[in-house]
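Here the structure is laid out as structure tokens; the discussion comes afterwards.
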Amino acid sequence: MADRPGSSVIPFAPTPGAGGELPALALQGLVIERGGKRLLDGLTARLPRSGITAVMGPNGAGKSLALRAIMGLIPVNSGAVWMHPSVAGAVALVFQRPVLLRRSVRANLAHALKVFGVPRRERPQRLTELIRLGGLTNLADRPARALSGGEQQRVAMVRAFAAQPRLLLLDEPTASLDPQHTGAIEWLIRTAAEGGAKVILVTHDNGQAHRLADDVLFLHHGRALEHTSRSRFFDRPVSAEARAYLAGDLLL
Amino acid sequence: MADRPGSSVIPFAPTPGAGGELPALALQGLVIERGGKRLLDGLTARLPRSGITAVMGPNGAGKSLALRAIMGLIPVNSGAVWMHPSVAGAVALVFQRPVLLRRSVRANLAHALKVFGVPRRERPQRLTELIRLGGLTNLADRPARALSGGEQQRVAMVRAFAAQPRLLLLDEPTASLDPQHTGAIEWLIRTAAEGGAKVILVTHDNGQAHRLADDVLFLHHGRALEHTSRSRFFDRPVSAEARAYLAGDLLL
Amino acid sequence: DSIIVQSTTSTQNSGLYDFILPQFQATTGIEARVVAVGTGQALTNAANCDGDVVVVHARPAEEEFVANGYGTERHDLMYNDFIIVGPSADPADVASAPDVATALSRIAEAEAPFASRADNSGTHMREMALWEATDADPVAASGTWYRETGSGMGATLNIAVGMDAYALTDRGTWISFENKGDLEILFQGDPALNNQYGVIPVNPEHCPNVRAEGAQAFTDWLLSDDGQAAIAAYRVQGEQLFFPNAQ
Amino acid sequence: MDPFSSAFVAALELIASLDPNLLEVIGLSLRVSLTALALACLIGLPLGALLAVVRFPGRGAVVVLVSALMGLPPVVVGLVVYVTFSASGPLGPLQLLYTPTVMVVAQAILVTPIVAALARQVIADLNVEYDETLRSMGTSGRMTIATLVWDARYSLLTAALAGLGRALAEVGAVMIVGGNINHVTRMMTTAIALETSRGDLSMAMALGIILIALTIAINGAVMAVRNGMERRAYG
Amino acid sequence: MDPFSSAFVAALELIASLDPNLLEVIGLSLRVSLTALALACLIGLPLGALLAVVRFPGRGAVVVLVSALMGLPPVVVGLVVYVTFSASGPLGPLQLLYTPTVMVVAQAILVTPIVAALARQVIADLNVEYDETLRSMGTSGRMTIATLVWDARYSLLTAALAGLGRALAEVGAVMIVGGNINHVTRMMTTAIALETSRGDLSMAMALGIILIALTIAINGAVMAVRNGMERRAYG
Ligand SMILES: Nc1ncnc2c1ncn2[C@@H]1O[C@H](COP(=O)(O)OP(=O)(O)OP(=O)(O)O)[C@@H](O)[C@H]1O
Ligand SMILES: Nc1ncnc2c1ncn2[C@@H]1O[C@H](COP(=O)(O)OP(=O)(O)OP(=O)(O)O)[C@@H](O)[C@H]1O
Ligand SMILES: [Mg+2]
Ligand SMILES: [Mg+2]
């Protein structure tokens with residue numbers, strides 16, 4: 001509670017990039033320390049106004065932390081987050097390990113619609129739409145927490161869509177999905193991006209990044225080591241760490 | 001509590017298979033119903049004595065339920081589970097969404113060693129070994145539940161190894177791992193199988209099944225539709241459902 | 001060496017024991033531990049052998065206690081008197097009543113609030129005996145003007161203060177009571193209001209565990225000139241609370 | 001016959017006789033304690049949720065205070081309420097002293113911190129899981145509290161039952177503010193205290209047995225309803 | 001001066017004077033209630049964990065019973081303990097009536113169901129998460145309970161504090177079994193009851209204020225230690 005997403009944004013003015021365009025999101029030297037360890041270590045990045053940005057990097061690189069810092073869910077020790085006015089206030093995050101309420105699938109989605117301020121009379125129709133979108137028709141009246149791993153992930157995904165977000169933060173949204181549902185969710189993500197929403201997609205699936213991403217932000221030990229177009233990242237990575245990551249070497 | 005794994009095994013005698021070999025595990029018409037739905041619908045299978053069996057199938061097919069039924073964690077409405085005497089009592093399960101105790105990584109593993117009855121003086125050495133095995137050296141003193149998704153999955157994985165299991169049930173153990181750690185964990189799995197442990201591996205990753213599996217059990221709507229060697233499964237699937245699954249079509 | 005005294009509350013609440021027991025201990029070396037409860041509970045506890053000596057004020061009950069073989073012998077110890085307290089406005093005009101029966105009758109007629117302990121304590125038993133001598137049937141009016149508090153003397157007085165009610169109380173409790181509020185003594189002096197305290201050692205034949213020697217020493221000391229003088233010397237706000245009358 | 005058996009026999013006789021006095025006393029006990037509990041939940045559940053969820057300066061101190069007030073001595077609460085509602089007190093003009101209403105007030109004061117402190121813990125434990133999800137959705141404070149209270153409702157029942165137990169068993173406060181007046185403010189516990197001071201221990205224990213039986217019946221009914229609902233919800 | 005201010009002044013004076021009588025009474029209160037709480041935790045925590053974890057026939061009934069016994073009336077407990085330890089009762093030969101020991105027994109009886117019922121809820125809630133993991137590891141019953149109690153320890157503190165509150169505030173039971181004997185079994189609450197019946201309401205409230213202050217101090221200390229430990233553990 002307390003801080004709404006975006007409310008902890010510290011106003012710093014990012015300089016316009018190429019073509020005078022302001023970024024969708026700018027991170028300025030984010031530092032998060034816990035127990036004497038620097039978990040985010042001066043993370044700086046400017047994410048383009050539109051399209052899908054893949055965030056990649058080894059386990060523990062700080063990908064999930066960065067998303068939570070962007071949402072204002074965890075206090076940062078220093079640094080700032082800036083959001084483009086067109087996205088601030090319409091941000092949704094799908095967690096790596098989604099938490100569903102102790103209610104039916106339908107009630108979870110209805111709750112989200114209510115929280116997101118959808119007028120009462122529009123809700124039934126939106127609800128039906130969301131259920132269809134997630135392929136949840138047969139599951140709608142099940143207790144949400146009794147669903148299978150992949151089913152829960154789909155519920156969390158469409159719950160985020162209930163907010164009609166302009167900035168969508170997705171933390172490995174297809175990690176437990178079967179290939180069919182992965183395809184369906186990737187279609188949803190692409191559609192959202194084509195509809196103008198900015199998408200930030202954390203993934204370990206190189207194939208997925210290949211299929212979806214416009215640009216790739218590579219994190220390592222809490223820093224952005226590389227931020228470049230998809231094709232450049234996969235074909236000609238600059239940093240030794242990214243090369244090693246893509247080569248599948250252990251980076252411990 | 002109450003039932004130890006394997007204790008709910010209903011004695012039915014599986015007939016020896018080809019070459020007179022008894023299976024590692026036999027499932028006989030497992031049925032699980034909840035809220036009027038058949039979640040497992042007469043699941044029958046005989047898993048060979050050794051090697052790695054991949055369990056595949058769409059979200060909600062019943063893969064995780066089957067593993068939990070094998071462990072005796074959930075009551076079945078009918079059917080029976082038989083385990084080869086050489087594995088019964090040495091079974092470990094890594095859950096799809098592992099639950100770590102509210103303690104440090106080290107304390108989690110120490111707790112497991114204690115639970116598994118490792119003599120007190122052997123524990124320090126085994127502990128060091130497990131920490132190394134999971135690549136957890138730098139994380140050993142962190143609170144386990146503050147770890148990243150992939151780090152938690154690795155802790156859960158080596159925790160299962162603390163039991164020195166003869167039958168290892170793995171539910172999407174690399175779903176949130178980066179490619180490097182996926183490689184490391186796959187190496188662990190292969191080593192365990194080569195050491196004589198029977199491995200049952202639920203995965204949505206066709207590549208992983210290709211790399212690791214000896215045979216593939218394909219589940220759909222709570223039934224085993226296909227059980228065959230890896231190469232046959234990927235090259236010449238028999239059932240329409242498996243063909244559709246591999247083709248990436250939606251099966252809703 | 002110690003003994004347990006099962007006692008009525010008025011003697012404890014008035015501070016009498018705090019005054020005389022140190023003298024008793026100095027003389028005999030025995031520590032007297034006082035459990036102050038209602039007369040009914042005191043006698044029950046003692047009958048259960050959970051006390052060595054009893055100090056109460058309900059003669060019929062005391063005699064029955066001895067007759068049942070629970071106590072060895074009952075002795076008159078001291079007395080004071082009961083009084084009727086009530087709101088200073090005195091709506092039932094109790095103050096001018098010639099005797100206690102009239103006083104109570106006026107309260108009943110005026111249906112003025114009256115707080116009764118209704119707990120089978122010595123005070124309550126006396127109150128019932130006094131009502132007997134009138135035409136009123138207060139218990140039938142219970143819940144209206146007649147309020148059966150089912151509480152100890154102090155609690156009942158607190159209630160009387162809270163609801164501007166009349167109440168019958170012993171003088172010792174009243175003098176030492178600190179929450180008098182608007183209440184004052186409205187009627188006193190009728191011989192029927194005499195309040196006699198007795199002391200009874202518990203019978204060792206009934207209760208083998210009883211510390212009979214200590215109990216006897218306590219009884220003897222209370223009845224002795226020293227004990228009687230100590231009781232007479234106890235004052236609150238200059239007033240004597242208890243009048244020794246051991247035979 | 002030993003005292004326990006005679007108390008049991010007395011309890012059975014009392015129940016069998018359907019003594020109207022007994023029914024009156026039971027009725028008042030239930031009415032006062034359930035009303036007090038309802039009030040306590042109305043205040044305590046949101047308060048507990050608030051303390052679990054909202055960070056504000058001095059929150060730690062309030063948590064300690066509420067937790068400590070679980071140990072409010074009934075007699076002290078009784079006295080404070082007595083002084084407040086007595087004719088010479090600030091609320092004297094309401095003339096509520098020695099009425100069931102003021103007994104409800106006293107018990108609500110006693111029970112509210114219990115409900116609030118226990119609810120805080122239950123909801124804080126649930127919020128460890130829900131916190132980031134609800135915050136990421138931009139859930140309002142009011143909605144956060146409503147969501148947590150609703151999803152923790154089965155666990156919160158235990159907090160409410162603890163409060164009910166305290167209210168039904170409590171004697172010190174209602175004795176002082178109610179006065180244990182026969183037919184007006186006599187409850188089970190004050191009746192038990194009275195029988196005790198009269199030395200009628202069997203009767204006191206008999207009433208105690210009836211009160212405990214009543215409490216068990218209420219708890220059993222609540223648990224049965226709860227289990228039924230939980231089963232339906234998680235079918 | 002109104003009664004509240006005069007009570008406050010009296011409380012301050014009492015504290016300032018460091019009255020040895022007062023210290024004695026406070027000491028006994030702490031000694032009896034903390035010992036009773038320790039006993040109650042020793043029995044109640046494992047019992048609560050057992051009820052949360054182990055399925056056995058009649059478990060539902062036991063859960064209802066324990067939950068209902070949170071509402072044990074102190075006076076009834078006092079009576080039952082009195083009858084048991086009375087010279088004519090089964091444990092009379094121990095000669096413990098009117099000693100602090102028997103007061104501990106009475107309070108432990110009162111507090112154990114509170115600790116057990118609240119612990120059951122806390123541990124059941126945690127076990128929803130831990131159950132399958134622990135069972136899949138073949139964890140023994142004893143180890144399961146130890147694991148759950150340890151991992152729920154911060155939440156269980158609230159259960160213990162609820163029990164402590166009840167013990168420190170309780171008067172009905174200790175009055176009957178302890179007898180409120182000056183210098184022997186007089187505790188804070190029985191002293192308050194005595195001052196109340198003497199009509200010295202200021203003194204009663206002053207003692208009440210001191211008792212509440214004491215309870216707040218204990219709760220504050222416990223919470224401070226707990227927060228410190230929690231911070232160190234999750235640093
Ligand atoms: N509250 C915390 N206290 C201590 N360490 C933490 C905390 N939260 C996260 N960490 C650590 O910060 C690092 C980054 O965590 P994060 O979850 O962002 O990783 P990630 O890049 O998302 O990894 P994965 O691919 O495994 O999900 C990890 O090493 C993790 O252990
Ligand atoms: N306790 C339960 N009550 C009701 N339905 C349940 C329960 N547990 C599981 N299910 C349902 O049973 C089906 C099979 O679940 P299971 O977790 O085994 O799927 P899975 O094959 O592991 O899928 P995934 O690939 O998503 O992990 C799902 O549709 C799920 O919703
Ligand atoms: Mg992550
Ligand atoms: Mg699964």
Side-chain angles (χ1 to χ4, degrees), chain A residues 34-37 39 56-65 95-98 132 135-139 141-143 145-154 171-172 174-184 186-187 202-207 220-221 244-252, chain B residues 34-35 37 39 56-65 95-98 104 132 134-139 141-143 145-154 171-172 174-184 186-187 202-207 220 244-252:
Chain A
R34 294 285 183 281
K37 304 239 186 271
L39 306 177
M56 305 191 73
N59 292 139
K63 304 179 294 298
S64 302
L65 274 182
F95 289 90
Q96 187 166 5
R97 245 174 122 151
R132 198 187 42 74
L136 300 168
T137 318
N138 293 324
L139 306 173
D141 294 310
R142 299 243 189 119
R145 298 165 73 97
L147 295 184
S148 83
E151 290 163 350
Q152 292 200 31
Q153 216 168 22
R154 278 145 51 198
D171 202 349
E172 307 189 28
T174 61
S176 7
L177 296 193
D178 61 42
Q180 288 69 30
H181 284 104
T182 301
E186 287 185 358
W187 178 83
V202 174
T203 182
H204 286 302
D205 182 341
N206 290 346
H220 188 259
H221 283 336
Y245 179 88
L246 287 173
D249 294 348
L250 274 177
L251 288 174
L252 291 183
Chain B
R34 293 286 183 279
K37 304 239 187 271
L39 306 177
M56 305 190 74
N59 291 138
K63 305 180 293 298
S64 302
L65 273 183
F95 289 90
Q96 186 166 6
R97 247 175 120 151
S104 71
R132 197 186 43 73
L136 300 168
T137 317
N138 294 323
L139 306 173
D141 294 309
R142 301 245 190 118
R145 298 166 72 99
L147 295 183
S148 82
E151 289 163 351
Q152 292 200 31
Q153 216 168 25
R154 278 145 52 197
D171 202 348
E172 307 189 28
T174 61
S176 6
L177 296 193
D178 61 42
Q180 289 68 30
H181 284 104
T182 302
E186 287 184 0
W187 178 84
V202 174
T203 183
H204 286 301
D205 182 342
N206 290 346
H220 188 259
Y245 179 88
L246 287 173
D249 295 346
L250 272 178
L251 288 175
L252 290 183

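Here is how names work: the chains are called A, B, and so on, in the same order as the sequence lines, proteins then strands, and each is numbered from 1.
- Rounding to the nearest 0.5 angstrom, the gap separating the NE2 atom in His220(B) from the NZ atom in Lys63(B) is 10.0 Å.
- Rounding to the nearest 0.5 Å places CG of Leu139(A) at 8.0 Å from OG of Ser148(A).
- Of the listed residues (Ser64(A), Ser176(A), Gly150(A), Gly62(A)), the one with the most heavy-atom contacts under 4.5 Å to chain B is Ser176(A).
- Shortest non-hydrogen contact noted between Pro179(B) and Tyr245(A) is CD-OH, 3.3 Å.
- Looking at Lys37(A), the atoms closer than 4.5 Å to chain B (heavy atoms on both sides) all sit in the side chain, from C-beta outward.
- Contact tally against chain A (heavy-atom pairs below 4.5 Å) for Thr182(B), Leu177(B), Asn59(B): the top residue is Asn59(B).
- Between Met56(A) and Asn206(A) the shortest side-chain heavy-atom distance falls below 4.5 Å.
- For Leu39(B), the part lying under 4.5 angstrom from a heavy atom of chain A is the side chain only.
- Ranked by heavy-atom pairs shorter than 4.5 Å toward chain B, the options Gln152(A), Arg97(A), Gln153(A) are led by Arg97(A).
- Here the closest heavy-atom approach between residue Leu136(B) and residue Arg154(B) is recorded as CD2-NH2, 4.1 Å.
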